[in-house]
Amino acid sequence: MGQRTNTDKGGPMAEQTVRVRFAPSPTGYFHVGGARTALYNWLFARHHGGRFILRIEDTDRTRYQPDALPDLLEGLRWLGLCWDEGPEIGGEYGPYYQSDRVEIYRQYAEQLVREGKAYRCYCSPERLARLREEQRAKGIPPGYDRHCRYLTREQIAEYEAQGIVPVIRLAVPLEGTTEFDDLLRGHISVENRLLDDLVLLKSDGFPTYHLANVIDDHLMGITHILRGEEWLSSVPKHVLLYRAFGWEMPIQVHLPTILDPSGKGKLSKRKKKLPGGQEMLTFVREFREAGYLPEALVNFLALLGWSYDGQTEFFTRDELIRYFDLQKVSKSPSSFSYDKLEHMNATYIRNLGTNDLAGRLMGVYRRAGIEADIGTVLQLVPLIRERIKTLNDALALTDFVFQEEISYPAEELIQKKMDRTSTLAALRAAEARLQGLEAFDEETLERELRALGEELGLKPRQFFGCLRVACTGKRVSPPLFGTLAILGRERVLRRLRQAVEALVEI
RNA sequence: GCCGCAUUCGUCUAGUGGACUAGGACACCUCCCUCUCAAGGAGGAGAUCGGGGGUUCGAAUCCCCCAUGCGGUACCA
C-alpha cells in the first residue's frame with residue numbers, strides 16, 4: 001500500500017524525473033488499444049513533468065510491415081501525443097529503434113552466458129515442436145525441457161562443429177518463487193518451476209521482446225512501465241532478468257484490456273461487424289477517415305479505464321493532464337462503446353467554432369472529391385453543426401449543395417394528405433413568389449414562404465416538405481430557409497421548375 | 001491442462017465498513033419545442049453490487065470457496 005504513493009507528489013520517486021515509454025512493434029496499423037496505452041503514458045509523463053519516449057520494437061523481422069511505422073507516427077501526431085525522444089527527433093538515449101541496437105543486446109546476452117546465468121541452446125525448432133507435441137499428448141505442462149542447459153563441453157563443441165547457430169536462453173531458477181508489485185494489482189507471485197527457460201537471443205541474432213525490453217527500459221532510464229494487461233504474465237521473467245543483470249525494475253502498471261462492444265472478446269485487429277451491420281473501427285486511421293475529431297477520440301480513450309470523479313466526462317487536454325492519476329485507473333477490462341464515442345464526437349463538433357469546423361470540413365469534402373468553396377461551407381456550418389455526429393456525416397447531408405443536378409423519385413414531392421394537383425400548385429406558387437422577391441436571404445424567405453403556405457391552405461410541414469424535396473432531393477435536410485438562401489435564387493427556381501416537370505410526367 | 005488477472009444498470013463508470021432506498025453518462029422509452037432531421041428541455045425504465053459461505057452491531061466495500069470472462073503458457077510482440 002505504501003508504495004502506491006510513489007507516483008504522487010512528495011513520494012520517494014518525486015525527485016526522480018518520470019520517464020515512460022510507448023513501445024509498439026511495427027507489425028500493422030496503429031490500433032486504438034495501442035493509442036490508449038500511448039495516451040496514458042503521455043498523460044502520466046505530462047502530469048509529472050516527465051518524459052514520454054517512443055521506442056520502436058522491431059525485433060520480429062518476419063512480422064515487420066513497412067507501412068506500420070509511418071502510420072504510427074502519423075496517428076500519434078494526429079492525436080497530439082508528441083514524444084520527447086524517439087524516431088525522427090532522436091534523444092540522448094538512442095537509438096530508439098531496437099533493430100539499431102542488436103549489438104547491445106548481443107553483448108548483454110553474452111555477459112549472462114559468461115556469468116552462467118544464460119546458456120546456448122542448439123535445439124532445432126523441429127525438436128521443440130515435437131517436444132511440445134509430446135507434452136500435450138501426455139497432458140503435462142508445455143515448456144522447454146532444458147536439454148541444452150546441462151550440455152558438456154564436448155557436446156557443445158560437437159554442435160558448434162555441425163554449424164548449428166544457437167539461441168541464448170535464460171537459466172531460470174528451478175525452485176522458489178518470483179514476486180513483484182503492480183501499482184494497480186498489488187502483489188503478484190509466481191512459482192519458478194512454472195516458468196521455462198525463455199529465449200533471450202534468437203538465432204537470427206535479434207533479441208526477443210523480453211530481453212530487448214528489459215535492457216532498453218534500463219538503459220533508457222524508464223521509471224514506470226505502463227502497458228497492456230497481456231504483459232502481466234511475462235513480468236516474472238523480466239524480474240528474473242533484472243535480477244540477473246543486477247538492475248532495479250521500473251514500477252509496473254498493467255492497464256486493463258479493451259474489449260469489443262459486446263464485452264465478450266478483446267477488441268481485435270480482425271474486422272468484425274457491429275450489431276447494426278457497420279464495420280467495427282479499430283485502427284486510429286480509420287477513426288480519422290471516418291470523421292472523428294482527435295480531441296474527441298482522446299477524451300473517449302482517456303475514459304476507457306480511467307475516471308476522474310465518476311461525474312465529469314468532458315475534459316480538455318490540459319484538464320486531462322492535470323487530473324490524470326494512476327490511482328483512478330480501473331483494473332477490470334472495459335469495452336469500447338461506439339455509441340458513446342459518437343456522442344462525444346458530436347458534442348465536440350457542436351462546440352467547435354464556425355471557422356474551425358468549416359476548416360475541418362473542407363478537408364473532408366476535398367478527400368471525397370467534392371469541390372466545396374470555403375464561403376459556402378462557412379454558411380453551411382451553422383445549419384449542420386447540430387446534425388452531424390462525425391465530420392463525414394456532412395457529406396450526405398449537404399451533397400445537393402455541390403451538385404449541379406439532383407435526382408429523386410418524383411413521388412417524394414407529394415406530402416401527406418396532398419396529391420399531384422395540389423403539389424403542382426404549391427410548387428408553381430412558390431416559384432412565382434420567389435421570383436419576385438427583392439431579397440433572397442433566410443429571413444425574407446421564411447416570412448414570404450410561411451405567408452404563402454397559409455394562403456395555399458397548407459400546413460407548414462406539407463408546404464415546406466415539398467419544397468424541401470424539390471430543392472434538396474431529400475426528405476431530411478438542413479433547415480429549409482437557410483438552405484434555400486445558400487442555394488441561391490437561380491438554382492432554387494430551376495429546381496422548382498424541374499420538380500414541376502417531373503411531377504407532370506408521372 | 002496449468003498459471004495469472006478480473007467480475008456494480010445493456011455499455012462506460014462512481015463507490016475503499018454506516019452519508020447507498022447504489023450516483024452520473026451513453027443507448028432506450030415518453031412528453032415539450034418544431035418546416036424534416038437534429039440539437040435542447042422535462043420525465044421514465046434499468047444494477048439487491050457474478051454465486052455461496054463467513055467476519056462485523058453493520059459489507060458493493062474485508063476473508064474463503066465456487067462460477068464465468070479475459071490474458072499468458074513461441075527463436076511474436
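Lettering of chains follows the sequences in order, A, B, ..., and the numbering in each one begins at 1.
- With distances taken from any side-chain atom of A:Pro125 to the nucleotides B:rC35, B:rA74, B:rC75, the minimum falls on B:rC75.
- Take A:Asn192 and apply the side chain to side chain donor-acceptor pair (under 3.5 Å) test, not counting sequence neighbours, and it matches A:Thr178.
- Across all strands shown, B:rG10 forms a Watson-Crick or G-U wobble pair, both distances under 3.5 Å, with B:rC26.
- Closest to the A:Lys202 side chain, of the nucleotides B:rG72, B:rA25, B:rC76, is B:rC76.
- Between B:rA47 and B:rG10, the distance separating the two C1' atoms is 11 Å to the nearest Å.
- Among the atoms of the strands shown, none is found under 4.0 Å from any heavy atom of A:Phe463.
- Residue A:Cys123 is classed as a base contact, given a heavy-atom separation below 4.0 Å to a base.
- Comparing the P positions of B:rC57 and B:rU11 gives an interatomic distance of 37 Å, to the nearest angstrom.
- For the C1' atoms, the distance from B:rU73 to B:rG52 is 31 Å, rounded to whole Å.
- Closest approach of A:Leu241 to A:His210, counting heavy atoms only: CD1-O, 3.7 Å.
- Candidate nucleotides B:rC5, B:rA25, B:rC12 were compared by shortest atom distance to the side chain of A:Arg185, and B:rC5 ranks first.
- At B:rA77, one or more side-chain N or O atoms of A:Thr59 fall inside 4.0 Å of OP1 or OP2 (strictly under the cut-off).
- Comparing B:rC76, B:rU73, B:rG24 against the side chain of A:Thr208 picks out B:rC76 as the nearest.
- Taking 4.0 angstrom as the limit, A:Arg385 places none of its side-chain polar atoms (N or O) nearer than this to OP1 or OP2 of B:rA39.
- A gap of 47 Å separates the C1' atoms of B:rU61 and B:rC75, to the nearest Å.
- Heavy atoms of A:Val199 sit under 4.0 angstrom from primed sugar atoms or phosphate atoms, though from no base atom.
- Rounded to whole Å, the separation between the P atoms of B:rC62 and B:rC76 comes to 41 Å.
- Across all strands shown, B:rU34 has no partner, as no Watson-Crick or G-U wobble contact with both distances under 3.5 Å is found.
- Here A:Leu194 lies in heavy-atom contact (under 4.0 Å) with sugar-phosphate atoms only.
- Listed nucleotides B:rA39, B:rC12, B:rC76 differ in distance to A:Arg63; the shortest reach to its side chain belongs to B:rC76.
- Closest contact between the side chain of A:Arg450 and the listed nucleotides B:rC75, B:rC35, B:rC26 involves B:rC35.
- The nucleotide B:rG4 finds its pairing partner in B:rC70, both defining distances of the Watson-Crick or G-U wobble pair being shorter than 3.5 Å.
- Side chain of A:Val190, nearest nucleotide from B:rA77, B:rC3, B:rC12: B:rC3.
- Note on A:Asp309: only backbone sugar-phosphate atoms sit closer than 4.0 angstrom, heavy atoms only; bases stay farther off.
- Taking the centre and axis of the six-membered ring of A:Tyr108, the NZ or CZ atom of A:Arg106 falls outside the cone set by 45° and 6.0 Å.
- A:Pro479 comes within 4.0 angstrom of a nucleotide base, judged by non-hydrogen atoms across all strands.
- Backbone-only contact: A:Pro207 has heavy atoms under 4.0 Å from sugar-phosphate atoms and none from a base.
- Judged by Watson-Crick or G-U wobble contacts below 3.5 Å, the nucleotide B:rU16 has no partner.
- Going from the P atom of B:rA38 to that of B:rA77 covers 50 Å, rounded to whole Å.
- Ring geometry, A:Tyr338 versus A:Phe287: the interplanar angle falls under 30°, so the pair is classed parallel (tilted spans 30 to 60°).
- Regarding contacts with the backbone of B:rU11, every side-chain N or O of A:Ser335 stays at 4.0 angstrom or more from both OP1 and OP2.
- Residue contacts for A:Gly228: at a heavy-atom cut-off of 4.0 Å it reaches no nucleic acid atom on any strand shown.
- Set against B:rC3, B:rC5, B:rC75, the side chain of A:Leu232 has B:rC5 as its closest nucleotide.
- The side chain of A:Arg350 sits closest to B:rG40 out of B:rA74, B:rC35, B:rG40.
- When heavy atoms are screened at a 4.0 angstrom cut-off, A:Arg136 is found touching no nucleic acid atom at all.
- No contact: A:Lys138 has no heavy atom under 4.0 Å from any strand.
- When heavy atoms are screened at a 4.0 angstrom cut-off, A:Arg468 is found touching base atoms of the nucleic acid.
- Phosphate contact (OP1/OP2 of B:rA39, side-chain N/O of A:Arg387, threshold under 4.0 Å): absent.
- Taking the six-membered ring where the residue is Trp, A:Phe314 and A:Tyr348 present tilted rings, their angle falling between 30° and 60°.
- Separation of the C1' atoms belonging to B:rC5 and B:rG24 is 28 Å when rounded to the nearest angstrom.
- Close to B:rC37, at under 4.0 Å from its OP1 or OP2, lies no side-chain N or O of A:Lys389.
- Ring geometry for A:Tyr119 versus A:Tyr144: interplanar angle under 30°, hence parallel rather than tilted (30 to 60°).
- Two rings, from A:Phe464 and A:Phe481, have their centers less than 6.0 Å apart.
- In this structure, the nucleotide among B:rC37, B:rC75, B:rA6 sitting nearest to the side chain of A:Val476 is B:rC37.
- B:rA60 and B:rC49: their P atoms are spaced 7 Å apart (whole Å).
- Base engagement by A:Ser477 is indicated by at least one non-hydrogen atom pair under 4.0 Å involving a base atom.
- Taking the six-membered ring where the residue is Trp, the centroids of A:Trp306 and A:Phe324 are separated by under 6.0 Å.
- Residue side chain A:Lys340 does not reach the base of B:rA27 through any donor-acceptor N/O pair under 3.5 Å, judged by distance alone.
- Considering only side-chain N and O atoms, A:Ser334 lies under 4.0 angstrom from the phosphate OP1 or OP2 of B:rU13.
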